[in-house]
Enquirer: 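Okay, handing you the structure first.
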Number of protein chains: 2
Amino acid sequence: MTAQKDPMSYRDIKSVVLDRLRAGIWGPDSLLPSESDLATEFSSTRTTVNRALRELAEEGFLERKRKAGTRVLTAPARRAQFAIPLVREEVGETGADYRYALVSRQIETAPAWLAARLSLPAGQDVVALTCMHYADNAPFQLEQRWIVPTAVPEVLDEPFDTLGPNEWLLKRVPFSNLEFSVMASKADEKLAEFLDAPVGDPIFTAERITWLEGTPITLARMYFAPGYRMTTRL
Amino acid sequence: MTAQKDPMSYRDIKSVVLDRLRAGIWGPDSLLPSESDLATEFSSTRTTVNRALRELAEEGFLERKRKAGTRVLTAPARRAQFAIPLVREEVGETGADYRYALVSRQIETAPAWLAARLSLPAGQDVVALTCMHYADNAPFQLEQRWIVPTAVPEVLDEPFDTLGPNEWLLKRVPFSNLEFSVMASKADEKLAEFLDAPVGDPIFTAERITWLEGTPITLARMYFAPGYRMTTRL
DNA sequence: TAGTGGTCTAGACCACCCG
DNA sequence: GGGTGGTCTAGACCACTAT
């Protein structure tokens with residue numbers, strides 16, 4: 001019935017397998033045929049079947065173990081994937097005009113919480129920035145950022161008056177490791193003023209810590225204007 | 001200098017390429033050698049190089065086009081990947097005891113915003129649930145959920161008094177499409193009471209809409225207790 | 001139109017790990 | 001011990017698209 005004569009691509013195989021999962025032909029926790037068997041059924045090769053199953057496993061549907069075989073996950077371990085775009089691009093995609101503004105820039109001793117968070121030595125100086133990002137001149141995001149000058153010495157000479165720190169840093173340390181978190185925080189007076197929101201309003205917040213080869217570079221907190229949400233479809 | 005004699009695995013190649021990106025040997029916006037050339041340099045085959053570069057592109061470092069070649073992205077389009085776990089597992093991983101409780105269950109006409117959101121016909125009945133998830137008996141998450149009975153008729157007979165709707169649904173429609181959003185919302189009196197938070201506190205909120213083959217199944221809003229954050233490392 | 005990546009084949013060796 | 005997936009090879013054809 002479901003036999004296929006012509007060779008199938010790994011995409012075809014993925015979609016057939018997904019269909020069978022949805023239809024319950026291969027129910028939760030059951031074992032799929034081996035790659036070789038599937039290759040035969042699909043008039044394909046093991047390499048092709050392997051790619052299909054590997055991707056389905058990466059996407060959270062299957063679990064694969066040598067010798068044990070390929071098993072259907074009972075609770076598909078779905079993953080939400082969100083892009084971490086540049087603010088400029090994020091604003092640009094909505095068709096709005098992007099504008100950047102520096103609010104403040106100073107050199108200060110790293111506050112204790114920051115030093116602890118980034119494993120900085122006590123008394124370490126950092127460059128502290130506050131910036132605003134606007135979409136069509138409406139507040140879009142307030143950015144608070146601390147940069148460690150021992151990691152990026154040029155930061156001491158950079159005024160950040162026309163280029164945001166994120167884009168500036170990307171030019172110097174484009175391929176870093178990072179930790180990215182999202183949370184909800186509360187608008188204090190400063191946030192309320194800059195984001196044009198009532199004091200006490202919930203503010204969607206992202207925090208990003210960047211390292212290069214184990215050396216902490218920067219911590220950024222991004223506070224979004226009311227109504228912002230991060231969405232993904234899968 | 002950097003010549004390799006023994007054949008390298010696709011992992012080795014990935015890490016060498018990443019090193020060169022970090023070192024700026026292949027700077028932003030520059031063109032990498034073709035797959036065949038790299039295969040020669042690495043004493044490997046094009047298939048293996050292809051897998052390495054393909055994965056690096058998926059991870060957001062490179063951009064690949066036929067004929068145009070492989071280009072280094074100026075601003076690496078990093079992606080944050082968050083797991084969407086079952087509450088039970090999320091709580092369990094912290095070592096805490098998980099407990100589920102049904103707060104309310106009723107059948108009601110879909111409110112207008114929900115009907116619009118899920119493209120339901122006017123006057124459609126839905127099952128409306130409110131549930132609590134506890135970690136070591138402390139509030140962890142309040143879940144508000146609406147299920148469309150025309151899509152899952154058995155829902156009308158399910159009391160949901162011992163098993164949460166998410167796990168219940170997973171057994172029936174495990175392989176669905178979904179839209180997942182996160183945002184910040186504000187604790188009203190009900191939320192404050194159940195999550196043991198002050199009224200007006202910012203509440204990290206996730207919303208999940210599920211379809212099966214284009215048919216809307218359910219919408220869920222998950223309100224997390226204060227202090228919750230979603231984190232990922234890359 | 002020529003060069004690049006996208007994909008498939010047919011075969012091989014190996015690491016892992018269940019029974 | 002033996003079967004499974006993980007990976008690599010060497011070669012091929014094709015689709016796309018920059019020039």
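Every heavy atom of this structure was used, including side-chain atoms; hydrogens, water molecules and symmetry mates were not. Reminder, nothing fancy here: chain letters follow the sequence lines and each chain counts from 1.
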Enquirer: Would you jot down, in residue-number order, the residues of residues 58-70 of chain A having a non-hydrogen atom under 4.0 Å from DNA chain D?
Expert: A:R64, A:K65, A:R66, A:K67, A:G69, A:T70
Enquirer: To the nearest 0.5 Å, how far apart are CD in B:E90 and CZ in B:F224?
Expert: 5.5 Å
Enquirer: For A:R11, which residues count as a side-chain contact (heavy atoms from CB on, under 4.5 Å) partner, sequence neighbours excluded?
Expert: A:S9
Enquirer: Please collect all salt bridge (Lys or Arg N to Asp or Glu O under 4.0 Å) contacts where either partner lies in residues 161-172 of chain B, sequence neighbours excluded, each pair once.
Expert: B:R88-B:E167, B:E154-B:R172
Enquirer: Scan A:R11 against the nucleic acid and name what it touches under 4.0 Å (heavy atoms): base, sugar-phosphate only, or nothing.
Expert: sugar-phosphate
Enquirer: Please collect all salt bridge (Lys or Arg N to Asp or Glu O under 4.0 Å) contacts where either partner lies in residues 61-73 of chain B, sequence neighbours excluded, each pair once.
Expert: B:E35-B:R64
Enquirer: Ring of A:F160, cation from A:R105 - is the NZ or CZ under 6.0 Å from the centre and inside 45° of the axis?
Expert: no
Enquirer: Under 4.0 Å from any heavy atom of chain B: name the first and the last nucleotide of DNA chain D that qualifies, 5' to 3'.
Expert: D:dT7 to D:dA18
Enquirer: Would you give the length of the straight line joining atom CD1 of B:I209 to atom OG1 of B:T218, rounded to the nearest 0.5 angstrom?
Expert: 9.5 Å
Enquirer: Picking from B:T70, B:T48, B:L53, what satisfies side-chain contact (heavy atoms from CB on, under 4.5 Å) with B:L38?
Expert: B:L53
Enquirer: Under the salt bridge (Lys or Arg N to Asp or Glu O under 4.0 Å) definition, can you give me all pairs with a residue in residues 214-234 of chain A, not counting sequence neighbours?
Expert: A:E207-A:R221, A:R229-B:E207, A:R233-B:E179
Enquirer: Answer with base, sugar-phosphate or nothing: what part of the nucleic acid does A:R46 contact at a heavy-atom distance below 4.0 Å?
Expert: base
Enquirer: Using a 4.0 Å heavy-atom cut-off, does A:T47 contact any base of the nucleic acid, only the sugar-phosphate backbone, or nothing at all?
Expert: base
